[in-house]
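Labels below follow one simple rule: chain letters A, B, ... track the order of the sequence lines, proteins then strands, and each chain is numbered from 1. Nothing here was measured: the structure is a model prediction, and the numbers come from that model. What's counted below: heavy atoms across the whole structure, side chains too, no hydrogens, waters or symmetry copies.
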Amino acid sequence: MRAGEIMEVMVYSESVKTFRELVSVGESLNADRVTGVFIGEEENAEEVRKYCDKLFFISSEDIGDYSPSEYSEAVYSAVKSSDPQILLVEGTAKGVPVASMVSVLVGEPCATEVMELSLSEGGLLVKRADLGGVAISEVKVGKKLFDKIASPKVVCIKPGFYPASDSERKGEMVRLKPEVKRRTEVVEIKRKERGEGFEDADVIVVAGRGVKKKEDLGMLEELAKLLGGVVGVTRPLSADLHWAPTWIGMSGIPVKPKLYVGVGVSGQIQHIAGIRNSKVIVAVNIDPNAPIFEHADYGIIGDLYQVVPKLIEILKE
Amino acid sequence: MEIVVCVKQSYDVQQIKFDPKTKEPILAGAPRKMSDMDRRALECALRIKENVGGSVRTVSLGTPETRDVVKEIYAMGADSAYLLTDLSLAKADPDITARLLAEMIKKSGDFNLILCGSASTDGYSWQVPAKISKLLNIPFLPNAISLEVDDTAVAECDLGDAIYKLKAPLPCVVSVSLEINEPRIPTLSAILKASRKQFHEFHIKDFEVDLTPELEVVSTRMPEVSRKNFMVDVSDASKLDEVKKVIDELRKENVL
């Protein structure tokens with residue numbers, strides 16, 4: 001093995017799309033092999049198998065539904081069945097606990113909230129959101145890449161930062177049946193309503209606390225429709241008022257549309273962190289000192305209940 | 001029920017200023033506060049104790065500024081607070097933090113339940129609770145938005161695409177999300193009483209944990225995205241037609 005050369009990157013995700021994004025990360029490191037771990041249904045495993053050189057498949061029929069303690073043991077069994085130097089995991093509420101635990105099992109560091117990954121002097125360098133998303137840190141992960149066998153450094157990549165890989169590797173599928181002692185019981189799974197597909201939207205209109213009633217979202221829906229986009233909300237409107245199942249922001253769904261329109265959004269720091277990569281940011285707010293204006297290309301100081309109908313009127317002309 | 005809560009004194013990220021030249025955060029003397037989700041973990045522990053009895057103790061580690069959090073821990077109603085402070089902990093990564101906290105939890109007594117915030121307000125790694133559970137070899141319920149405890153723990157966990165209701169035997173680790181509760185505001189008399197209470201102090205030499213971080217922060221900067229900051233003021237409704245300027249600009253940019 002030569003320094004700086006990656007023999008194997010292993011990826012783990014429950015979602016086909018994120019799995020393909022992680023394969024892209026492996027490809028960007030010029031890894032000789034990109035292997036994968038998939039826990040779930042065989043049908044989905046057949047789909048992700050196309051994108052990696054070898055897939056370790058663990059059926060949810062054998063191991064049960066998601067629980068981090070048990071799934072980390074399962075991923076660890078795949079790591080031990082191969083020899084990855086890097087394990088890439090989806091940077092989500094389900095992925096991060098699994099990654100953290102696997103990192104304890106393999107005795108290697110884990111980096112989370114990662115948006116970019118590169119090799120530098122034979123080591124791993126990541127860019128991650130820091131200070132709750134206000135800042136971006138460059139972090140060196142471990143000292144050397146190749147010190148032990150089957151001890152990968154673990155990196156959680158946030159979804160949406162890499163393109164989905166199209167490479168057709170069509171690797172073999174190896175079914176693992178790890179002996180995992182089940183201690184956590186999944187009593188119930190309540191699927192959330194599917195969000196509006198914010199990740200792919202070109203235009204997102206976001207309602208903030210300045211919007212007084214849930215019914216007023218209708219006005220924003222009309223604006224979004226004219227702009228060819230969808231409507232999202234900020235954290236308090238979702239988490240506290242339950243107007244929507246998910247929210248836009250660092251702790252919810254980070255987005256990077258071509259056009260972001262914040263209506264009555266003050267610009268709480270974690271929200272800004274989650275929209276920062278938008279191409280153009282427009283903000284409507286009654287408060288001239290609202291922090292969002294510092295981050296906006298176009299700021300409209302005014303009453304949203306006058307401004308939004310006016311925007312709709314102009315766009316309809 | 002013996003409950004341990006991990007509490008961090010975080011930077012108050014809302015108030016962090018950046019050096020306009022270097023774009024680096026000015027952290028020396030920056031304001032700190034009890035980490036948002038840890039405060040909810042403590043509230044959650046106090047409510048469980050009020051229901052079923054037992055005790056609530058906290059474990060905290062960090063630089064010497066961490067001591068400032070103790071008064072608030074006691075004012076909210078914790079029975080005891082354990083602290084490990086050392087200048088060298090400024091560079092502690094999530095792994096070192098989890099290893100030290102796991103040791104502090106064991107050294108400070110028996111436990112049935114360990115509660116943590118899902119992530120700290122500043123470091124935001126989301127790793128520490130999961131790692132503590134693995135190091136102690138007990139189950140982990142992440143991102144709880146509700147929690148009921150008797151001889152088992154049952155939590156509704158917000159896992160992004162779904163709410164999972166997970167059940168685990170005690171002892172276990174539960175990390176809590178911001179939505180789990182609204183933390184109490186301590187009364188003035190509780191605050192006054194709290195300032196007289198002592199904390200239990202650990203020393204770094206009491207622990208056999210390698211303090212060399214595997215995650216080394218090379219630089220931290222405010223991301224630079226330059227924005228046009230083109231403003232129109234239509235707070236006077238007679239000027240409302242001026243919003244058209246924004247539409248015109250967006251059309252010029254081919255955004256519309």
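The environment of NZ in A:K310 is crowded: more than 12 heavy-atom neighbours from other residues, nucleotides or ligands sit within 6.0 Å. A 6.0 Å sphere centred on NZ of A:K256 holds more than 12 heavy atoms belonging to other residues, nucleotides or ligands.
Looking at A:V284, there are no atoms closer than 4.5 Å to chain B (heavy atoms on both sides), in backbone or side chain. Within the 4.5 angstrom heavy-atom criterion, atoms from both the backbone and the side chain of A:A239 approach chain B. For chain B, the nearby part of A:L105 is the side chain; its heavy atoms alone come within less than 4.5 Å. Using a 4.5 Å cut-off between heavy atoms, B:N229 contacts chain A through both its backbone and its side chain. Both the backbone and the side chain of B:V234 have a heavy atom closer than 4.5 Å to some heavy atom of chain A. Proximity to chain A (any heavy atom under 4.5 Å) is shown, for B:D93, by neither the backbone nor the side chain. For A:V96, the part lying under 4.5 angstrom from a heavy atom of chain B is the side chain only. For A:S15, no part lies near chain B; criterion is any non-hydrogen pair under 4.5 Å. For a residue to count as touching a neighbouring chain, one of its non-hydrogen atoms must lie under 4.5 Å from one of that chain's; by this rule A:E188 touches chain B with backbone and side chain alike. The part of B:P213 that comes within reach of chain A is its backbone (N, CA, C, O), which places non-hydrogen atoms under 4.5 angstrom from that chain. For a residue to count as touching a neighbouring chain, one of its non-hydrogen atoms must lie under 4.5 Å from one of that chain's; by this rule A:Q270 touches chain B with the side chain only. Interface remark: B:D236 contributes no atoms to any contact with chain A (heavy atom separation under 4.5 Å).
Contact between B:R227 and A:E294 at its shortest, heavy atoms only, is CB-O, 4.5 Å. Residues A:G132 and B:V13 come closest through the heavy atom pair N-CG1, 4.4 Å. Here the closest heavy-atom approach between residue B:Y124 and residue A:T112 is recorded as O-OG1, 4.4 Å. B:L166 and A:V186 get closest at one heavy-atom pair: CD2-CG2, 3.7 Å.
Residues B:K167 and A:T184 bring no donor and acceptor atom of their side chains to less than 3.5 Å of each other.
Counting heavy-atom pairs closer than 4.5 Å to chain A, the top residue among B:I138, B:N143, B:T212 is B:I138. Counting heavy-atom pairs closer than 4.5 Å to chain A, the top residue among B:P223, B:A237, B:P94, B:S133 is B:P223. The choice from B:G123, B:A119, B:S120 that makes the most heavy-atom pairs within less than 4.5 Å of chain A is B:G123. Heavy-atom pairs under 4.5 Å with chain A peak, among B:T152, B:L250, B:L135, at B:L250. Between chain A and the residues B:P139, B:S175, B:A168, B:S10, the most heavy-atom pairs under 4.5 angstrom are made by B:P139. The candidate with the highest count of non-hydrogen atom pairs below 4.5 Å against chain A, out of B:Q127, B:Q14, B:K228, is B:Q127.
Salt bridge present: B:E156 and A:K190 bring a charged side-chain N and a carboxylate O closer than 4.0 Å. Classification of A:R191 and B:D161 as a salt-bridged pair holds, one side-chain N sitting under 4.0 Å from a carboxylate O.
Distance check, rounded to the nearest 0.5 Å: OG of A:S251 to CG of B:L178 gives 7.5 Å.
When atom types are taken as modelled, the side chain of A:S69 and the backbone of B:F140 share a donor-acceptor pair closer than 3.5 angstrom. Put simply, the side chain of A:S100 never gets that close to the backbone of B:K131: no donor and acceptor are under 3.5 Å apart. Listed for the A:K192 side chain is a donor-acceptor partner under 3.5 Å among the backbone atoms of B:G160.
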Inset, instruction - Kindly indicate, with the supporting measurements, whether the criterion salt bridge (Lys or Arg N to Asp or Glu O under 4.0 Å) is fulfilled by B:E253 and A:K258. - result: CA-CA 11 Å; B:E253 277 198 62; A:K258 292 197 181 95; over 6 Å; no
Inset, instruction - Check the pair B:K244 / A:E313 against salt bridge (Lys or Arg N to Asp or Glu O under 4.0 Å), numbers first and verdict last. - result: CA-CA 10 Å; B:K244 186 154 190 308; A:E313 184 193 313; over 6 Å; no
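B:I16 pairs with exactly one of A:V134, A:I269, A:L131 by the side chain to side chain contact (heavy atoms under 4.5 Å, CB included) rule, that one being A:L131.
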